[in-house]
Amino acid sequence: MDGPDAYYKKRITYTLHHQPFAFDVGHTLFSSFQVDDGTDLLLRTIAMPNPPTRILDLGCGCGVIGIALAQRFPDAEVVMADKDLLAVRYARHNLTLNAVTNATVIGSVGLEQVPPGPYDLIVSNIPAKIGDAAIEEEFILKPLTLLAADGVYWFVVVSGLNHLIPRLGPRHQLRLKEMKKRSGYTVYRIYPSLSL
């Protein structure tokens, strides 16, 4: 067997800021042919005024975002979480494959098993198919409770969710801003709100 287990599909390569990465992916995992355009757009858009010390990758999948950020910010502690145990297995394998030592991967439905905040940087490629209510609660409002006072939450969504995300700003007094659009994806940034 070539990969880590019987679910193995292939190895994909990816380069970000001249840094090469390799990711083994399974047959059933999201984005199993290449790094998807949303993930790529998010990673190329994230800007931080200061290097973060704690990062949370929510819904990490096979680990692309968390691993790329762990390489970019080697002094940060990175927590990667996903509800899919196969994704967790592959993300752990890909940590080793990319020689990343400053990240851990946990199985967690939403934030249930995620270590407490605060986190300076939270990131997510938000799954579109879980429904508007789950997106609002589990991927927007709850993560914000873990943000440091000077932290930032960067996330990407398929443009089909643009009916929902902009409305959440006024509804919850969020400091939310659309940052970039490309290839059917939109990247947003949220700073902590005074009301949270």
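Throughout, residue positions are numbered sequentially from 1 according to the sequence presented.
Between S124 and L42, the shortest heavy-atom distance links the atoms O-CD2, 3.8 Å. Residues P115 and I106 approach most closely at CD-CD1, 3.7 Å, considering heavy atoms. Minimum heavy-atom separation, P143 to E137: CD-O, 4.2 Å. Of all heavy-atom pairs between Y119 and I55, the closest is CD2-C, 3.7 Å. When all heavy atoms are compared, the tightest approach of D82 to G59 is OD2-C, 3.2 Å. The minimum heavy-atom distance linking P127 with I130 is given by the pair O-CG1, 3.6 Å.
When the salt bridge (charged side-chain N to carboxylate O under 4.0 Å, His left out) test is applied to K142, the partners found at least two apart in sequence or on another chain are E138. Under the side chain to side chain contact (heavy atoms under 4.5 Å, CB included) criterion, K181 pairs with N162, E178, T186, sequence neighbours left out. The side chain to side chain contact (heavy atoms under 4.5 Å, CB included) check on A68 picks up L16, F21, L43, with sequence neighbours excluded. Listed by chain and residue number, nothing satisfies the side-chain hydrogen bond (donor to acceptor under 3.5 Å, both in side chains) test with Q71 (two or more places apart in sequence, or in another chain). By the side chain to side chain contact (heavy atoms under 4.5 Å, CB included) test, R92 pairs with V88, V105, sequence neighbours left out. S183 meets the side-chain hydrogen bond (donor to acceptor under 3.5 Å, both in side chains) test with no other residue; sequence neighbours excluded. Every residue two or more places apart in sequence or in another chain that forms a side chain to side chain contact (heavy atoms under 4.5 Å, CB included) with A128 is listed here: V158, L161. Judged as a side-chain hydrogen bond (donor to acceptor under 3.5 Å, both in side chains), and not counting sequence neighbours, the contacts of D132 are H163. Residues that satisfy the side-chain hydrogen bond (donor to acceptor under 3.5 Å, both in side chains) test with D40, not counting sequence neighbours, are Y14, R44, R182.
Applying the salt bridge (Lys or Arg N to Asp or Glu O under 4.0 Å) test to residues at least two apart or on different chains, the pairs with a partner in residues 65-78 are R54-E77. Each ring-ring contact (aromatic ring centres under 6.0 Å, His included) pair with one or both residues in residues 131-153, not counting sequence neighbours, appears once here: Y153-F155. Every pair tested for side-chain hydrogen bond (donor to acceptor under 3.5 Å, both in side chains) that includes a residue from residues 95-114 fails, sequence neighbours excluded, so the list is empty.
Residues R11 and L97 are in side-chain contact: their nearest non-hydrogen atoms beyond the backbone lie under 4.5 Å apart. The closest side-chain heavy-atom distance from V152 to L147 is not below 4.5 Å. Using a 4.5 Å cut-off on side-chain heavy atoms (C-beta onward), V35 and I12 make contact. V156 places none of its side-chain heavy atoms less than 4.5 Å from the side chain of I126. The shortest side-chain heavy-atom distance between D150 and Y191 does not fall under the 4.5 Å cut-off. In this structure, Y90 and F23 have side chains that are not in contact, with every pair of non-hydrogen atoms separated by 4.5 Å or more.
Between the side chain of T45 and the main chain of L41, a donor-acceptor pair closer than 3.5 Å is present. Side-chain atoms of D57 come within 3.5 Å of backbone atoms of G66 as a donor-acceptor pair (strictly under, hydrogens ignored). Using a distance-only test at 3.5 Å, with no hydrogens or angles considered, a donor-acceptor pair links the side chain of S159 to the main chain of Y185. Formation of a donor-acceptor pair under 3.5 Å by the D120 side chain with backbone atoms of T53 is found in this model.
A donor-acceptor contact under 3.5 angstrom links the side chains of D36 and N125, judged on distance only.
Placement of L164 and V157 within a single hydrophobic cluster is found when ILVMFWY residues are connected by side-chain heavy-atom separations under 4.5 Å, directly or transitively. V109 and L56 fall into different hydrophobic clusters, defined by Ile, Leu, Val, Met, Phe, Trp and Tyr side-chain heavy atoms under 4.5 Å apart, directly or through other members.
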